[in-house]
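Predicted, not measured: the structure shown is a model, and the values here were computed from it. Just so you know, ligand 1 is whichever comes first in the structure, and atom 1 is the first atom listed for that ligand.
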Amino acid sequence: MGEIVTVGLGDRSYRVQVGTGTLPQIGPLCHAVGLGKRAAVVTNPTVGALYLPTVKASLEAAGFGVLEVEIADGEQYKNSDTLNSIYDRLIEGGVTRDGFIVALGGGVVGDMAGYAAATFLRGIPFVQVPTTLLAQVDSSVGGKTGINHPRGKNLIGAFHQPRLVLVDTETLKTLPEREYLAGLAEVVKYGVALDRTFYELLEANTTPLLRRDQDILRTIIARSCAIKAGIVEQDEREGGLRAVLNYGHTLGHAVETLTGYRQYLHGEAVAIGMARAAQLSVAFGYASEADAARVTALLTALNLPVVLPVFPLAQYLDALLKDKKSRDQGLNFVFNRGIGGYTIATVSDLQDLLARCGLGG
Ligand SMILES: NC(=O)c1ccc[n+]([C@@H]2O[C@H](COP(=O)([O-])OP(=O)(O)OC[C@H]3O[C@@H](n4cnc5c(N)ncnc54)[C@H](O)[C@@H]3O)[C@@H](O)[C@H]2O)c1
Ligand SMILES: O=C(O)C(=O)C[C@@H](O)[C@H](O)[C@H](O)COP(=O)(O)O
Ligand SMILES: [Zn+2]
């Protein structure tokens, strides 16, 4: 019972294996993709307590030496101090270019362990074992790795593709409700901006989704990864098209930064950002009021927040200017075109953009 999605990037292509009860296969799968000798498993205390014994046993049974690397749990620790602690442990543990990193956890672990892999010894291989819904549908795929800066989200990072992604939907059974719902926000993103049929599937299945039905989970995770893979294959380094995966993130990242990465989960901030992006899409003539209402209705049905927190306009403006889609001529903003389509347009008057979200003025 499983599905395989391939991310086709020539000799850096890899498989995303989606199944239920797949975690014990990690050792043989690492072996099959030719990874060498020593695995440094990066995880946090929460995920480690639940899944490290299984992952470690499987790696050891397949002949790998295992170094455990524990980092603090939380978005507020996705920073240079934690990254340095990973390097320290890799150096103390004697990890060489024969080694590789296994990121066992959610997007925070995945982004940081991936960035450590991109930079340690100028780059070693890594494997993603995502254990949150958000990481299974989004962050483990596509090779964006990095850390936050106090002034802005993910401002330091690198593109570094994993050698393998292993998704086990069983792990979602232990995920706290709020974290689970936050993952659904990124799933909704694919539907609103890229795939109307997928969006309609989500609308028709809110009850099984909220129940964490394993069949629907395998379906939506594999479909999300396939949609993302299709974009990444065409524009790995975000020259243009890949920015569509940032739908809802301009205001979402601003919300995360302005609240110090503590008040909203990433997916919650993206949900708020998508509701506002849908509203802006109406204001700029790309979508109808009915489309925007539909987006808000689905997010609300999935118990996700949609209200933008109030901060001084100047603070929102500063956050928007630090968006990686910001250029000299303005900000490349991702609008939804109806449901299931998108337009990326340069917006030069950011004050007007924020006013149309009900801020300032
Ligand atoms: N690289 C990308 O393309 C990309 C895409 C989307 C998001 N992100 C990043 O991902 C991060 C958010 O990731 P996240 O939502 O996974 O949050 P997270 O990594 O903080 O994990 C959420 C919480 O769930 C716990 N947890 C993880 N798996 C669990 C399980 N199976 N059972 C019980 N608890 C579990 C974690 O310890 C943590 O407390 C943000 O930093 C965001 O910027 C990156
Ligand atoms: O993979 C991508 O591309 C994305 O934009 C996925 C986003 O969901 C994710 O949050 C990503 O980390 C945002 O990237 P950033 O470049 O805007 O920091
Ligand atoms: Zn995101």
Side-chain angles (χ1 to χ4, degrees), residues 7 23 42-51 70-79 103-115 118 128-149 152-162 167-190 193 212 224-225 227-229 231-232 235-238 241-250 252-254 256-257 261-262 264-271 273-274 322-326 332 334:
V7 184
L23 219 49
V42 180
T43 191
N44 67 32
T46 314
V47 180
L50 291 163
Y51 302 113
E70 188 176 283
I71 59 174
D73 185 359
E75 182 76 35
Q76 67 272 36
Y77 300 108
K78 188 176 153 181
N79 58 31
L104 174 65
V108 170
V109 166
D111 278 16
M112 272 196 293
Y115 188 53
Q128 290 270 19
V129 185
T131 60
T132 63
L133 179 61
L134 182 138
Q136 294 181 353
V137 299
D138 191 350
S139 63
S140 63
V141 176
K144 271 192 182 176
T145 69
I147 56 172
N148 298 329
H149 186 277
K153 177 83 185 166
N154 297 336
L155 288 189
I156 295 119
F159 289 98
H160 187 53
Q161 299 294 341
V167 172
D168 183 348
T169 61
E170 283 265 352
T171 61
L172 300 180
K173 291 182 177 167
T174 55
L175 192 63
E177 181 69 1
R178 201 176 150 202
E179 301 290 350
Y180 175 75
L181 298 174
L184 287 175
E186 300 275 20
V187 178
V188 170
K189 171 186 81 177
Y190 295 119
R212 307 191 195 190
S224 297
C225 292
I227 294 171
K228 181 161 185 178
I231 300 292
V232 171
D235 180 21
E236 184 184 1
R237 287 174 173 254
E238 205 172 304
L241 170 71
R242 183 167 178 168
V244 65
L245 299 174
N246 236 251
Y247 176 72
H249 282 62
T250 297
H253 280 173
E256 286 186 272
T257 305
Y261 308 111
R262 285 169 189 273
Y264 293 94
L265 301 177
H266 174 72
E268 292 173 339
V270 169
M274 288 194 291
K322 294 202 173 47
D323 188 299
K324 284 182 274 331
K325 299 184 301 306
S326 187
N332 292 327
V334 188

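- Counting atoms of ligand 2 from 1 in the listed order, those under 4.0 Å from a heavy atom of H253 are 13 (C), 15 (P), 17 (O), 18 (O).
- Distances from ligand 2 to the non-hydrogen atoms of H266 include at least one value under 4.0 Å.
- Using a 4.0 Å cut-off between heavy atoms, K228 contacts ligand 1 through its side chain alone, with no backbone atom that close.
- Residue, atom and distance of the protein heavy atom nearest to atom 7 (C) of ligand 2 are H249 NE2, 3.3 Å.
- Side-chain contact annotation: T174 with Y51, donor-acceptor N/O pair under 3.5 Å present.
- Between K153 and ligand 1 there is a heavy-atom distance shorter than 4.0 Å.
- Using a 4.0 Å cut-off between charged nitrogen and carboxylate oxygen, D323 and K153 do not count as a salt-bridge pair.
- Every atom of ligand 2 with a heavy atom of K324 under 4.0 Å away is listed here by number and element: 15 (P), 16 (O), 17 (O), 18 (O).
- With E238 as the partner, the side-chain hydrogen bond (donor to acceptor under 3.5 Å, both in side chains) test is satisfied by one option alone out of K144, K325, K324: K144.
- Taking each of K189, E75, E170 in turn, the one with a heavy atom nearest to atom 41 (O) of ligand 1 proves to be E75.
- With hydrogens left out, the protein atom closest to atom 16 (O) of ligand 2 is K144 NZ, 2.9 Å, a heavy atom.
- If you look at D73 next to ligand 1, the close heavy atoms, those under 4.0 Å, all belong to the side chain.
- Nearest-heavy-atom check against atom 2 (C) of ligand 1 across S139, G74, A135 picks out S139.
- Those atoms of ligand 2 that come under 4.0 Å of a heavy atom in K189, given as number and element, are 6 (C), 7 (C), 8 (O).
- Closest to atom 8 (O) of ligand 2 among all protein heavy atoms lies D138 OD2, 2.6 Å.
- When side chains are defined from C-beta on, L134 counts as touching S139, because their heavy atoms get closer than 4.5 Å.
- Within the 4.0 Å heavy-atom criterion, both parts of T131, backbone and side chain, lie near ligand 1.
- Distance check: Y261 OH to H253 NE2 gives 8.5 Å after rounding to the nearest 0.5 Å.
- Of the heavy atoms in K228, only side-chain atoms (C-beta onward) come closer than 4.0 Å to ligand 2.
- If you look at L245 next to ligand 2, the close heavy atoms, those under 4.0 Å, come from the backbone and the side chain alike.
- Scanning the protein heavy atoms around atom 21 (O) of ligand 1, the nearest turns out to be T132 CG2, 3.5 Å.
- Among all non-hydrogen protein atoms, the one lying nearest atom 17 (O) of ligand 1 is G107 N, 4.1 Å.
- Proximity to K78 (heavy-atom distance under 4.0 Å) selects the following atoms of ligand 1: 9 (C), 40 (C), 41 (O), 42 (C), 43 (O).
- Atoms CG and CD, from L241 and E236 in turn, are 13.0 Å apart once rounded to the nearest 0.5 Å.
- When side chains are defined from C-beta on, Q136 counts as touching L172, because their heavy atoms get closer than 4.5 Å.
- In terms of polar-atom proximity, defined here as any N/O pair under 3.5 Å, K153 makes no such contact with ligand 2.
- Protein heavy atom nearest atom 18 (P) of ligand 1, with residue, atom name and distance: V108 CG2, 3.8 Å.
- Within a 6.0 Å radius of CZ in F159, more than 12 heavy atoms belonging to other residues, nucleotides or ligands are found.
- Nearest to atom 12 (O) of ligand 2 among the protein's heavy atoms is N154 ND2, 3.3 Å.
- Listed by number with element, the atoms of ligand 1 under 4.0 Å from a non-hydrogen atom of Y51 are 31 (N).
- At a 4.0 Å heavy-atom cut-off, ligand 1 touches L134 through the side chain alone.
- For T145, no nitrogen or oxygen atom sits less than 3.5 Å from a nitrogen or oxygen atom of ligand 1, counting backbone and side chain alike.
- Protein heavy atom nearest atom 3 (O) of ligand 2, with residue, atom name and distance: R242 NE, 2.7 Å.
- At a cut-off of 3.5 Å, with distance as the only test, no side-chain donor of N44 or E70 sits close to an acceptor on the other residue.
- No side-chain heavy atom of L104 sits less than 4.5 Å from a side-chain heavy atom of Q128.
- Heavy atoms of P176 come nearer than 4.0 angstrom to ligand 1 in at least one pair.
- The residue L172 has no part lying near ligand 1, judged by heavy-atom distances below 4.0 Å.
- How far CG of D235 is from CZ of R242: 8.0 Å, rounded to the nearest 0.5 Å.
- Expressed to the nearest 0.5 Å, how far CD1 of I147 lies from CD1 of I156 amounts to 4.5 Å.
- Of all protein heavy atoms, the one lying nearest to atom 5 (O) of ligand 2 is N246 ND2, 2.9 Å.
- Checking only distances, K144 does come within under 3.5 Å of ligand 1, N or O to N or O.
- Only one option out of H266, H249, H149, K78 pairs with N154 in a side-chain hydrogen bond (donor to acceptor under 3.5 Å, both in side chains); it is K78.
- Residue L50 approaches ligand 1 through these ligand atoms, each under 4.0 Å from one of its heavy atoms: 32 (N), 33 (C).
- Considering just the N/O/S atoms of H266, the one nearest the Zn ion (ligand 3) carries the name NE2.
- Nearest protein heavy-atom neighbour of atom 35 (C) of ligand 1: L175 CD1, 3.6 Å.
- Contact analysis puts E186 in contact with ligand 1, with a non-hydrogen atom separation below 4.0 angstrom.
- Between the side chains of D73 and T46, at least one donor N or O sits under 3.5 Å from an acceptor N or O.
- Distance from atom 33 (C) of ligand 1 to its nearest protein heavy atom, with residue and atom name: T174 O, 3.1 Å.
- Within the 4.0 Å heavy-atom criterion, the part of E179 lying near ligand 1 is the side chain and not the backbone.
- Because the distance cut-off is set at 2.8 Å, E186 qualifies as a neighbour of the Zn ion (ligand 3) through one of its N, O or S atoms.
- In this structure, OH in Y180 is found 9.0 Å from CG in L175, a value given to the nearest 0.5 Å.
- Closest to atom 9 (C) of ligand 1 among all protein heavy atoms lies D111 OD2, 3.4 Å.
- Contact check for L23 versus E170: no side-chain heavy atoms found under the 4.5 Å cut-off.
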